[in-house]
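First up is the structure itself, then whatever we jot down about it.
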Amino acid sequence: MMTVTGEALATLPAGADLSPITVIGTEPIRQSFGGETLTQAINSRRAPGVSRVVLNPDAHVGYGAPVGCVMVSPTHIYPGPVGVDIKCSMSLLQMDLPADAIDALPLRKQIIRAICKRVPTGAGRGQRHAPKSRSIDGKLGFKIATEGASKQVLKKLGIPKSWADACEDAYHTAPDGSSDTLAARLEWMGRTRDKLDRIESKYRQLGSYGGGNHFGEAEVVHVLDSQRAIAEAFGLKDGCVAFLSHCGSRGFGHDLAVAQFRTLKTAFQKQGLAFPAGDPQLVYAPVDSPEGRDYLCDMAMGANFATVNHLLINDLVLEAFREVFPGVRGELVYFISHNIARQEPIDGTVQWVHRKGATRALPAGHPQLVGTRFESTGHPILLPGNPRDGSSVMVAGEGASAAAYSVNHGAGRRLSRTKAKKQLVQHEIDQGLAEHDVVSNCSVYPRDEAPDAYKDFEEVLGSVRKAGLAEEVARLKAKFVIKDGAAADD
DNA sequence: ATGTTC
């Protein structure tokens, strides 16, 4: 049913009166899409107010819409397609440390311990022994949720203020542009002791990774010869250590998202409104309705939390490296989300671009980059692959407009977690990582997070390049991984 | 993703 229009481009019809879904992926990638993934893409395209859907090479089944898709609407907001981990993001910290400085295994173990001491992993885990300067009380947590990475918040947390300039968005406000509106809503949410306690307990998770596919990874930067100028503009240092992080808004964003799913589902049922394709996971609200505005407030607060979480993690990681290498310097290359809805000019009008496991990809000269440090290059795209085969820093070209200025957010799952646990053999995973000189904090590396649980990264990267969306600037090769798993070396 | 599978 797909029509192939290029080596890595196809279209998928969704209805006679609708523009078809844009599909990005080479033949093998297109073959990898399951039926349920395509059904979810079609359901999303046919949902009210949706003007465009793009399916990316990393697509697999998600909540309502596939993970690995872009859903565009001028009028409607879809909480399911933003997802449960509001503003799940990637960040990259470049250090001035030559790669061979972390060759020695005991040294790597030492850095891993220094990081894990400061940045916890695992569901429900947050800061327990944070120094006073880094501890987050209810008052500061409130400020973080409503202001994001404001100058005051960064100063209070001791995070370099220049890092705000390396963020896709350093802060998010209510639809009326005000952080006071967010404050009023958060106060209302915490109106009873019980609810306030629950909210405040999540603030302690700031500066932590969580579980699942979240990770921190020390990388060696390999700049492509043909991309030296752009790499320099990005602040990448060839042959040096960088640190890649994947994390989001933790329990705080989760609670906001889940509460919204429930509220909107109930509202639909009360009004006798039909769910798109009968799927309650595709509940929506017009952006100018009270429900839409409430959702956008909650999304903004989750996003603010995720932003500060990432910046704090990066500063704690840098502190950990300095414990082992005093004086080492680090600069944030970029911080970019893959689970968020943003207002952007698409097809000539400002629309809400829902990126559900998709990364914004603005080329040089895009109106939203004017006045930023990436105006003349396009911004860095951070694409995690896997710790065995590497990750990538890319930059968008003009062709990205064909995909609503988006690319995939990673390799995408090849095996479900259940299948991965059943099919993949533990000692082969461990051996594979060891052969590539990758160590981790896990004594038992999670099988459902193994490199082979994900799609072939080269094929995914090839799809992006062949579709003309973006080019690789640098490859990142892992030296060690921090993930939620059984703790190492006791 | 989430103190984890309404």
Side-chain angles (χ1 to χ4, degrees), chain A residues 40 58-69 78-91 119-128 145 194-195 197-216 245-266 268-269 275 278-283 298-299 301-307 309-310 313 337-341 354-359 384 409-413 415-422 446-449 453-454 482-487:
Chain A
Q40 284 193 332
D58 55 346
H60 57 91
V61 172
Y63 185 93
V67 173
C69 87
Y78 281 79
V82 169
V84 67
D85 188 2
I86 296 169
K87 208 183 183 186
C88 190
S89 312
M90 301 303 305
S91 56
V119 189
T121 56
R125 303 293 288 283
Q127 302 295 340
R128 282 183 299 180
D194 204 38
K195 287 174 177 158
D197 282 350
R198 188 171 170 88
I199 291 168
E200 292 194 342
S201 74
K202 305 301 179 195
Y203 295 149
R204 282 194 292 276
Q205 298 184 347
L206 281 155
S208 70
Y209 277 117
N213 60 7
H214 289 170
F215 68 87
S245 289
H246 177 210
C247 188
S249 48
R250 307 285 286 99
F252 187 77
H254 171 269
D255 287 358
L256 290 166
V258 168
Q260 279 289 347
F261 298 161
R262 283 202 202 106
T263 302
L264 284 169
K265 192 176 160 185
T266 307
F268 265 61
Q269 286 165 336
F275 300 118
D279 187 352
Q281 298 186 348
L282 280 175
V283 286
D298 293 1
M299 185 186 76
M301 289 192 285
N304 282 334
F305 188 100
T307 305
N309 187 31
H310 259 271
I313 285 172
S337 179
H338 46 242
N339 278 9
I340 191 113
H354 303 68
R355 294 195 174 91
K356 181 175 183 60
T359 311
H409 79 314
R413 217 161 244 298
L415 300 172
S416 69
R417 291 193 182 276
T418 324
K419 281 188 178 165
K421 280 184 213 166
K422 204 178 285 180
R447 289 202 298 290
D448 52 348
E449 285 297 320
Y454 289 90
I482 311 276
K483 272 189 90 71
D484 179 25

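The sequence lines fix the lettering, A, B, ..., with proteins before strands; numbering per chain opens at 1.
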| Whole-Å distance between B:dG3 C1' and A:Asp255 CG? | 10 Å
| How would you label the contact of A:Arg250 with the nucleic acid (heavy atoms, under 4.0 Å): base, sugar-phosphate, or nothing? | sugar-phosphate
| message | Categorize A:Arg417 for me: base, sugar-phosphate, or nothing, with a 4.0 angstrom heavy-atom threshold over every strand shown. | response | sugar-phosphate
| query | Once you round it to whole Å, what is the distance between P of B:dT2 and OH of A:Tyr209? | reply | 13 Å
| How are the rings of A:His214 and A:His246 set to each other: parallel, tilted or perpendicular (split at 30° and 60°)? | perpendicular
| Side chain A:His354, main chain A:Tyr78, donor-acceptor under 3.5 Å | yes
| task | Give A:Gly83 one of three labels, base, sugar-phosphate or nothing, depending on what nucleic acid heavy atoms sit under 4.0 Å from its own. | result | nothing
| task | Take the protein atom CD of A:Gln205 and the nucleotide atom P of B:dT2, then report the distance between them rounded to whole Å. | result | 8 Å
| note | A:Leu256 CG to B:dT2 C1', in whole Å, measures 13 Å
| note | From OH of A:Tyr63 across to C1' of B:dT2 the rounded distance in Å is 12 Å
| query | Expressed in angstrom and rounded to an integer, what is the separation of A:His246 atom NE2 from B:dT2 atom C1'? | reply | 14 Å
| field | Euclidean distance, atom CZ of residue A:Arg125 to atom P of B:dT4 [Å, nearest integer] | value | 15 Å
| query | Whole-Å distance between B:dC6 P and A:His254 NE2? | reply | 12 Å
| field | Step-by-step salt bridge (Lys or Arg N to Asp or Glu O under 4.0 Å) determination, A:Arg413 to A:Glu449 | value | CA-CA 9 Å; A:Arg413 217 161 244 298; A:Glu449 285 297 320; 3.1 Å; yes
| request: Could you check whether A:Gln281 gets within reach of a base, just the sugar-phosphate, or nothing at all, counting any heavy atom under 4.0 Å? | output: nothing
| request: Mind checking A:Gly212 for me? I need base, sugar-phosphate or nothing, with any heavy atom below 4.0 Å counting as a touch. | output: sugar-phosphate
| query | Can you check whether A:Leu256's main-chain N or O pairs, donor with acceptor, with A:Asp298's side chain at less than 3.5 Å? | reply | no
